[in-house]
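The next block holds one structure in the form of C-alpha cells; read it before the comments.
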Amino acid sequence: MSENVVHLHKNADSPPPDTTPTVLTVVPDAPAPAPVPLWVRSGRAVKSAATHERTKTVVRATARHGLYTLNGGRIVARRAWDGRTGARYERMIRAAEAAGNLEAAEEWEERLTRFRAARHHRRMDLLHSPVDAAKGVAVGAGMSVGVLVALGIVMAINSGQVGDVITPLSATIDFIALLIRIVQIVWGPLISIGPFLALLALWAVGRNQQAAPNWALPANVRNGEGEPITPSIVVKALRDLGVPALRNAIKEMGDAGASMLGPIRIAGCGVEVDVTLPSGVSTVEVQNRRRKLAENLTRHEHEVFITIPTAARTVRLWIADSGALDEPIGPSPLATDETLTADYAKGKAPWGQDLRGDAAALSLYQRHLLITGLSNQGKTAALRALALWLALDRSVEFRIADLKGAGDWAMFDGLATVLIQGPTDDHVIEATEMLEGGVSEMERRLTAPPGTAFPPLILLVDEAQVAFMCPLVDADKRPYGGSKATSRYFMAARKIHNQGRAVNVLLWQGTQDPTDQNLPKLVREGAHTRASLALGTESQARMALGDKAVDGGAAPNLLRPGLDKGTVVVASDGIEIPAGQASITVRTHYIDTDTATEIAERAKRLRDGVTTLHVIERGEDRDPLADIATVFGEALRLYTQDVLKRLAALNEDAYGRWTPGDLRRVLDGTGAEPYKSDGRMVVARDRVARALANRDSDGSASAD
C-alpha cells in the first residue's frame, strides 16, 4: 500500500511547525454490499402483505360472509327436509333413547306415526285433485261469466244501449291483459335479481345463526366474554369437550342434543343446569375436563363448578356470570347488627354466601372443626369469624393457642380463659398442655352424674402444623409433636376427637397446606366440619376434605391463590348442602381486625369478666388460695365447677385432677367456704379476698 507525505502549514500565531512529516495512510473503499435479488424483495413484500392485520381482517370477513351464505343454505335445506319428512321425529327418538328415557321415545314414535299417516292422506288426495281442480275452475269460470253478463244486462237496461251487455266482460278481459303485461315487464328483472335475493336471504339466516368457524367471526362475537348461557351453547361446549362417545351421541341427536339438558335456572350470580350424559359417558370424564368446558363456555376455569347430583349419569354445572366471582360480597351481619346474639345449640353462624348468592350459615353444635389452606388465603379470618359469633353466647368458654403470634387473636384477651400467642417451641408446649387440660376437663365431665349439663368449651389452635412438627421431647422422652402413640399433642387431639363432643368439649384447628407430616390422618378425619381454602394439589384437597367430597366435585386446589381469598369449600352436615352433593363452596365475610375487636368488646359486655391466662406456669410451687383469688377476675362469684376449671387452666399439673373436695379442703376454716345459691355450690370472690388478706396479715402462707 502506497503512502503519501503531506506537509502541514501553520499560521504565524501557531507554535513552530513540526518538521516531522505526517504520514497519512490511504485506505481503499470497502466493497459495496451485494444487491438483494428481486425475488427475495418480492417474497418479503408478499409475506408482509399476507401477515398484515388488515389482510387478516379482509380474509376473515370474506370467509365469514361466504360461509354465512353456504351454511344458511344448509340450514334452510335442513329445515325444509325436516318439514317434509319425519327426520325431526327420528332425531328426537334417538335422543330419548340415548338419554334412557323410553317414555319420551315412545311418545315421539307415536307422533311420527301420526305424521306419516297424515302425509299419506295428503298424497292420496293429490291423485284426485287435478280432476277436482278442473271441475272447480270450469264451474267457477261459468259462474263468473254468468254474473258478468247479468251485470251487463242490468247496465244495458239502465242505459238503453245494447252494447253495454258485454261491458263488464270486456273490462275484466282488459284487466287480465293488464296483469299479464305487468308480469311480462317485471318478469325479466325478477329473473335477474331473484337469485341475489335468495342468496341474501340465505346469508341472513346464516348470520343470525353465526354459522361460521370461530376464527372467522368478528372479535366481539369471537371473544364471547360474558355471553348468556343458552342450551345450544352448553350442548356445543359438551360436544367439543374431547370425549368421543359424547361427541358421537350428540351428533346422532342432531339439534336435539339439548334434550340432555334440564332447565337452565338462575342461581345467584350465575346459572345452574343438570346434564344427563348419554350411555357410555362417565361423569368423571366431564369433571376431569373442567378447564376445557369452561373455555368452551367462554368462562374462566374458576367460574365453572361441576358437581354430581343424586340422579345417575348426571352432572350439575354451575356457571357464573363473567367476572361476578371477583366482586366482593357484603359485610358480615356481625358487623352490621349490634343486637345480634348467638346460640351454641340451636343457632348457626352467618359465615358468608354460597355461589347462588344465598346466605351460608354453619352450625357449630358438637362439631369438631378443621380449616386448611395455603398461607395468606384468609384461613385465620374465616376461623375467627366463627369464634366471634360463638363468643356472643355467654355460656361458651374459649381456650385459644395462636401459634403464629401475629396478634390476630389479641381481641380475645379478656374473653378467652387461656390465650397463648407465639410460634416458639415453648408456645407449643403451652398449647399442648392447654389441650391436655381440655382432656382432663372432658374426663371429669364424662364421669359426672347422668343428666348433668355442660357449657361448651372450645379449644382452638391456629397454625396447628407448628405443634405437629415440634421436635421437642419432655422429661419422660415423650415428643410433643409427631403422630406416634407417645406424641402428646397428637394424643390429646385424638382423645378430644373421640369423646369430647358428647360433653361439649370441642377442638377447632386451623393449619396450612395439609400433609401427613403436619396434619396426621387420624386427626384430620376426626373433624366433623372440614373446610379448605385454596390448595396446591388434588392430594392436599383429599387430605383436607376427604375422598368422598373430592370425588363428588370439591376442588379447593382449583381455587385461585390470592384471588379467591376467603373462599372455602366446606364438607359438613352443619351447613345446608344441595341434595346429592358432598360439599359446598362459600365466600366468607371478611371481618377486619378493628371490626373484630368491636365485636369482641360486645361479647365481653355479655359476661361478668374473664381473667385471661397468657402463660401456663409449670414446675413451681403453688399457693392455692392465691390462685383461687386470681381466677375470679371480675366475677363476683363462681360455681365451684368453674373455679376448678379455671384452676386447671391456670396450672394443669397442680390443679388438673382437683375435685370439689380438694377445693373445700383449701377453703375450710378461712371463712370463704363454698355455699349453696339457687341450688348450686358457689364461691364468693370477696370472701376469698378477705381470707387471703387475713392470712397475709397474720404472716402465714400455705403451699401445695
Side-chain angles (χ1 to χ4, degrees), residues 367-373 379-380 383 387 397-405 408-409 416-444 457-501 503 505-530 543-544 613-619 648-653 656-657:
R367 290 178 176 88
H368 302 299
L369 178 66
L370 173 65
I371 297 182
T372 63
K379 176 180 71 277
T380 297
L383 184 59
E397 178 190 356
F398 287 94
R399 300 182 189 179
I400 299 174
D402 175 15
L403 298 182
K404 179 167 56 178
D408 292 332
W409 296 89
T417 54
V418 176
L419 180 59
I420 301 165
Q421 300 181 89
T424 67
D425 291 338
D426 286 339
H427 292 101
V428 172
I429 294 174
E430 294 173 357
T432 302
E433 293 180 347
M434 181 188 80
L435 253 64
E436 291 175 338
V439 172
S440 299
E441 172 64 14
M442 176 191 71
E443 292 173 344
R444 184 190 66 78
L457 171 59
I458 307 299
L459 302 166
L460 192 155
V461 182
D462 196 7
E463 304 295 343
Q465 76 279 354
V466 177
F468 283 113
M469 300 182 72
C470 179
L472 293 186
V473 296
D474 63 11
D476 297 327
K477 304 300 181 182
R478 295 180 59 196
Y480 286 93
S483 57
K484 297 181 179 179
T486 56
S487 301
R488 292 180 59 178
Y489 184 92
F490 170 76
M491 289 306 297
R494 285 291 300 139
K495 289 178 180 178
I496 295 172
H497 276 171
N498 288 340
Q499 297 177 297
R501 66 180 299 271
V503 289
V505 177
L506 304 176
L507 176 59
W508 293 6
Q509 296 183 98
T511 181
Q512 292 185 15
D513 42 315
T515 65
D516 285 326
Q517 288 71 38
N518 62 26
L519 187 60
K521 176 181 175 66
L522 293 178
V523 171
R524 61 179 184 254
E525 291 187 350
H528 304 98
T529 296
R530 298 168 71 170
M543 292 181 183
L613 305 177
H614 296 278
V615 178
I616 300 178
E617 303 291 345
R618 300 180 301 277
L650 179 66
N651 190 295
E652 173 64 23
D653 294 336
R657 298 185 180 277

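Keep in mind the model is a prediction, meaning the values are calculated, not measured. Position 1 is the first residue of the sequence; numbering continues from there.
- The CG atom of Leu383 sits 4.5 Å away from the CG atom of Leu460 when rounded to the nearest 0.5 Å.
- We find the CD1-CG distance between Ile371 and Leu369 to be 4.5 Å, quoted to the nearest 0.5 Å.
- Between Ile496 and Leu506, the shortest heavy-atom contact is CG2-C, 4.4 Å.
- For the atom pair CG of Asp426 and CG of Leu472, the computed distance is 7.5 Å after rounding to the nearest 0.5 Å.
- Taking every heavy atom of both residues into account, Cys470 and Asp425 meet most closely at SG-OD1, 3.8 Å.
- Between Glu433 and Asn651, the closest side-chain pair of non-hydrogen atoms is not below 4.5 Å.
- By the side-chain contact (heavy atoms from CB on, under 4.5 Å) test, Thr432 is found to be paired with Val428, Glu436, Tyr480, Arg488, Tyr489, residues two or more places apart in sequence or in another chain being considered.
- Residues forming a ring pair (Phe, Tyr, Trp, His ring centres under 6.0 Å) with His528 (at least two apart in sequence, or on another chain): His368.
- Shown here are the ring pair (Phe, Tyr, Trp, His ring centres under 6.0 Å) partners of Phe398, two or more places apart in sequence or in another chain: Phe412.
- Residues passing the side-chain hydrogen bond (donor to acceptor under 3.5 Å, both in side chains) test with Asn518, sequence neighbours excluded: Thr515.
- Here Met442 pairs with Val439, Leu446, Lys495, Gln499, Val503, Val505 under the side-chain contact (heavy atoms from CB on, under 4.5 Å) rule; sequence neighbours left out.
- Take Thr486 and apply the side-chain hydrogen bond (donor to acceptor under 3.5 Å, both in side chains) test, not counting sequence neighbours, and it matches no residue.
- Side-chain contact between Pro423 and Leu403: absent, with no pair of heavy atoms (C-beta onward) separated by less than 4.5 Å.
- Proximity of a side-chain donor or acceptor of Asp474 to a complementary backbone N or O of Asp476 within less than 3.5 Å is detected.
- With sequence neighbours excluded, the residues satisfying side-chain contact (heavy atoms from CB on, under 4.5 Å) with Arg494 are Phe490, His497, Asn498, Leu522, Val523.
- For Trp508, there are no side-chain hydrogen bond (donor to acceptor under 3.5 Å, both in side chains) partners at least two apart in sequence or on another chain.
- Between Gly482 and Ser487, the shortest heavy-atom contact is C-OG, 3.5 Å.
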* Asked: Which is it for Lys404 and Thr380 under the side chain to side chain contact (heavy atoms under 4.5 Å, CB included) test, yes or no, and what are the steps along the way?
  -> CA-CA 10 Å; Lys404 179 167 56 178; Thr380 297; 3.5 Å; yes
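- Separation of atoms CG (Leu457) and CD (Glu397) is listed at 5.0 Å; rounding is to 0.5 Å.
- With Arg530 contributing its side chain and Ala544 its backbone, the two residues share a donor-acceptor pair below 3.5 Å.
- Taking Gln465 as the reference, Glu463, Thr511 meet the side-chain hydrogen bond (donor to acceptor under 3.5 Å, both in side chains) condition, with sequence neighbours excluded.
- Scored by the salt bridge (Lys or Arg N to Asp or Glu O under 4.0 Å) test, Arg367 finds Asp573 as partners (sequence neighbours excluded).
- Nearest heavy-atom pair, Ala493 versus Leu435, reported as atom, atom and distance to 0.1 Å: N-CD2, 4.1 Å.
- Across Lys521 and Glu525, no two heavy atoms sit closer than the pair NZ-OE2, 2.7 Å.
- Closest approach of Val418 and Ala649 over heavy atoms only: CG2-CB, 3.7 Å.
- Using a 4.5 Å heavy-atom threshold, the side chains of Ile420 and Met434 count as touching.
- Using a 4.0 Å cut-off between a side-chain N of Lys or Arg and a carboxylate O of Asp or Glu, Lys379 and Asp513 do not qualify as a salt bridge.
- Atom CG of residue Leu459 and atom CD of residue Gln509 lie 10.0 Å apart, to the nearest 0.5 angstrom.
- For Arg444, the salt bridge (Lys or Arg N to Asp or Glu O under 4.0 Å) partners are Glu441, not counting sequence neighbours.
- Applying the side-chain contact (heavy atoms from CB on, under 4.5 Å) test to Ala648 and every residue at least two apart in sequence or in another chain returns Glu652.
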